[in-house]
Amino acid sequence: MKIEQIYTGCLAQGAYYVESNGEVAIIDPLREVQPYIDRAAKDNANIKYIFETHFHADFVSGHVTLAEKTGATIVYGPTAKTSFNAHIATDNEAFKVGDLTIVALHTPGHTMESTTYLLKDASGKNHAIFSGDTLFLGDVGRPDLAQKGDITQEDLAGMLFDSLRTKIMPLADEVIVYPAHGAGSACGKNLSKETVGTIGEQKKTNYALREDMTKEEFVAEVTEGLTPPPAYFPLNVKLNKEGYQSIDEVIKSGAKALSIREFETIANETGAIILDVRHQSEFIKGFIPNSIFIGLGGTFAPWVGALIKDVAQPIVLVTPKGDEETAITRLSRVGFDNVLGYLEGSFDTWKVSGKEIDTLRSVSAQDLEKAIQEGAPVFDSRKPGEYANEHIVDVPSTPLDYLNDHISEFPTDKDFYIHCAGGYRSVIAASILKSRGFHNVIDVAGGYKAIKETNIERTAMVCPSTLK
């Protein structure tokens, strides 16, 4: 028996490879499927099943392409409806993978079709669960993504309570938990940085698995402090239900080297966003006017999904040399397939051409301290939970996720400063603001980490528990 977690940090997502006696099951694959095919070939094994724990909202799964390339059967849990061929499992249905058995446990709550897959070893002993977004380490899946008709988030939370207590908590403490996500995912509120645990550990540490918890308490705690989901979530669900273009075709159509003239023509004629994915330190020194920065070095794809509202939006790229296909691939993971090409030679080509360039002012935390003493406005682009934990006195919370909701708050007649935790998100925010005409924005290098090394007065909110 082989079990491998294939974890993708920028999505905080775990896919799984399970092999026994020449047969393979893949659980929740990413859209680029060749690594799974290559892994099975290394074991001289055939991919038999592709198990999907639910219709994912935060990424486009590779189930359709993987099935087309391997002939494997796609399996979803009860109530799932797809536009492609799939086996819709019944509750407690068993599937053989070599000497192993995988049992579908219907665990609605995060979504209606959510299913946990219980892995039994060759002797029939319960070995592990692939819990999808039903159970995370430290948290459970948010119950607000599948609201439909008369079904509310409170209804779904109640279902999740029942699913956990009837299907998962009765399992032995030593059963391993393999979740679909870890810290950084928007599918839960308080996920652990760990990506593998046990049922016993979760019973001791996960607030949602308290033995003495009533359903009413569970519903209240699980629904407390939920922020609106990113705009691209419903679009990814649609792609996962209905199918999508092969990633091979997406890369082929997007990986077109464009001259400056072609780059400008396409951007002007299509309304394409100029997306600069270089490191923030490079972007600050010079960039194409009106381009948006979202660097590959951070949680790139989720930020694209959160900030660019339409997956059909045309995009032209400025990338580090050699990272063109990487950027296109990572965009496709969240359904952004309309890349029209990239600037050949990266920003260096633009710079030596004599074309107009823009820069972003960036100052140290020590400079910010002086500016605050002189009354300069400052804005905090971190998440609400980070802000609640500690922030600069009298500085408002303007989270990057919801920057558009705060546009009217930024001054147009004087310089203002914006910071995040370490410098990545504030540069994203500043680039968006500059594209909106706020050329008086100044980035704070090093973010809050650097600010804490100064004498700038800081405070915490009284009740941070409601903003996770």
Side-chain angles (χ1 to χ4, degrees), residues 10 184 274-300 302-304 306-307 318-320 323 346-348 351 357-387 389-403 406-407 409-412 414-459:
C10 68
I274 301 173
L275 183 60
D276 193 320
V277 305
R278 297 173 297 148
H279 192 273
Q280 60 263 31
S281 62
E282 293 299 314
F283 181 85
I284 285 171
K285 292 185 288 186
F287 55 90
I288 298 172
N290 296 317
S291 57
I292 301 299
F293 164 79
I294 306 178
L296 283 175
T299 50
F300 171 69
W303 279 122
V304 170
L307 298 171
V318 179
T319 75
D323 282 342
S346 190
F347 182 69
D348 289 343
K351 185 166 60 174
I357 66 171
D358 202 350
T359 58
L360 175 62
R361 285 183 288 172
S362 184
V363 301
S364 69
Q366 289 73 25
D367 289 333
L368 176 66
E369 185 172 5
K370 297 174 186 175
I372 289 174
Q373 292 169 356
E374 296 170 359
V378 183
F379 298 87
D380 188 329
S381 66
R382 297 175 299 159
K383 289 183 178 294
E386 296 171 280
Y387 178 87
N389 185 57
E390 188 179 81
H391 59 271
I392 300 173
V393 170
D394 295 330
V395 166
S397 175
T398 53
L400 175 59
D401 313 55
Y402 314 111
L403 191 69
H406 297 278
I407 292 296
E409 300 169 23
F410 298 104
T412 58
K414 57 184 174 182
D415 288 347
F416 64 92
Y417 298 78
I418 192 162
H419 78 83
C420 62
Y424 176 78
R425 286 173 288 176
S426 59
V427 176
I428 296 175
S431 73
I432 293 171
L433 290 169
K434 289 211 77 172
S435 73
R436 302 284 185 87
F438 290 91
H439 297 289
N440 50 326
V441 61
I442 302 173
D443 169 66
V444 180
Y448 202 73
K449 183 178 180 181
I451 289 169
K452 291 176 72 172
E453 300 301 316
T454 70
N455 293 318
I456 295 173
E457 187 178 1
R458 306 183 302 276
T459 187

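Being a predicted model, the structure only gives us computed values, none of them experimental.
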Could you list the residues that satisfy side-chain hydrogen bond (donor to acceptor under 3.5 Å, both in side chains) with Tyr448, not counting sequence neighbours?
Glu390
The side-chain contact (heavy atoms from CB on, under 4.5 Å) partners of Ser364 (sequence neighbours excluded) come to Gln366, Asp367
Does the pair Ile428 and Leu400 meet the rule for a side chain to side chain contact (heavy atoms under 4.5 Å, CB included), with working shown?
CA-CA 8 Å; Ile428 296 175; Leu400 175 59; 3.9 Å; yes
As an exercise, state the distance from NE2 of His391 to CD1 of Ile451, rounded to the nearest 0.5 Å.
12.0 Å
Of all the heavy-atom pairs spanning Ala376 and Tyr417, show the shortest one and how long it is.
CB-CE1, 3.6 Å
So, do Ile432 and Leu403 sit near enough that their side-chain heavy atoms are less than 4.5 Å apart?
yes
Could you state the interatomic distance from CG (Leu368) to CD1 (Ile392), rounded to the nearest 0.5 Å?
5.5 Å
Among residues at least two apart in sequence or on other chains, which ones pass side-chain hydrogen bond (donor to acceptor under 3.5 Å, both in side chains) with His279?
Ser281
CA sep, side-chain torsions, deciding dist, call: Val393, Arg458, side chain to side chain contact (heavy atoms under 4.5 Å, CB included)
CA-CA 5 Å; Val393 170; Arg458 306 183 302 276; 5.6 Å; no
Of all pairs that satisfy salt bridge (Lys or Arg N to Asp or Glu O under 4.0 Å), the ones with a partner from residues 426-455, not counting sequence neighbours
Asp358-Lys434
Mind checking ring-ring contact (aromatic ring centres under 6.0 Å, His included) for Phe287 and listing every partner two or more places apart, or none if nothing turns up?
Phe283
Hey, mind stepping through Val277 and Asp323 against side chain to side chain contact (heavy atoms under 4.5 Å, CB included) and telling me if it holds?
CA-CA 9 Å; Val277 305; Asp323 282 342; 5.9 Å; no
Sorted by chain and residue number, the side-chain hydrogen bond (donor to acceptor under 3.5 Å, both in side chains) partners of Glu457 (sequence neighbours excluded) come out as none
If you round to the nearest 0.5 Å, how far is OG1 of Thr299 from CD1 of Ile294?
9.5 Å
Output the distance between atom OH (Tyr402) and atom OG (Ser397), rounded to the nearest 0.5 Å.
10.0 Å
d(Glu369 CD, Thr454 OG1) to nearest 0.5 Å is 4.5 Å
If we only count heavy atoms from C-beta on, is the Val441 to Leu360 side-chain gap below 4.5 Å?
yes
Look up atom CG in Leu296 and atom CG in Leu275, then write down how far apart they are to the nearest 0.5 Å.
8.5 Å
Sequence neighbours excluded, the answer for side-chain contact (heavy atoms from CB on, under 4.5 Å) partners of Ser346 is Arg278, Val318, Lys321
Search all heavy atoms of Ala445 against all heavy atoms of Ala450 and return the closest pair with its distance.
O-CB, 3.9 Å
Verdict with reasoning, Ile418 to Val444, per side chain to side chain contact (heavy atoms under 4.5 Å, CB included):
CA-CA 6 Å; Ile418 192 162; Val444 180; over 6 Å; no
Any pair counted as salt bridge (Lys or Arg N to Asp or Glu O under 4.0 Å), so long as it reaches residues 370-385, sequence neighbours left out
Asp380-Arg382, Lys383-Asp401
Could you name each residue pair satisfying salt bridge (Lys or Arg N to Asp or Glu O under 4.0 Å) that touches residues 418-428, not counting sequence neighbours?
Glu386-Arg425
Those residues that, when tested against Phe410, pass ring-ring contact (aromatic ring centres under 6.0 Å, His included) (two or more places apart):
Phe379, Phe416
side-chain hydrogen bond (donor to acceptor under 3.5 Å, both in side chains) pairs, two or more places apart, involving residues 283-292
Glu282-Lys285
Please enumerate all residues that pass side-chain hydrogen bond (donor to acceptor under 3.5 Å, both in side chains) together with Asp415, with sequence neighbours excluded.
Arg361
Identify the heavy atoms of Gly298 and Cys10 that sit nearest to each other, and give their distance.
O-CB, 4.1 Å
Check whether Ser431 reaches the backbone of Ile292 with its side chain - one donor and one acceptor, N or O, closer than 3.5 Å.
no
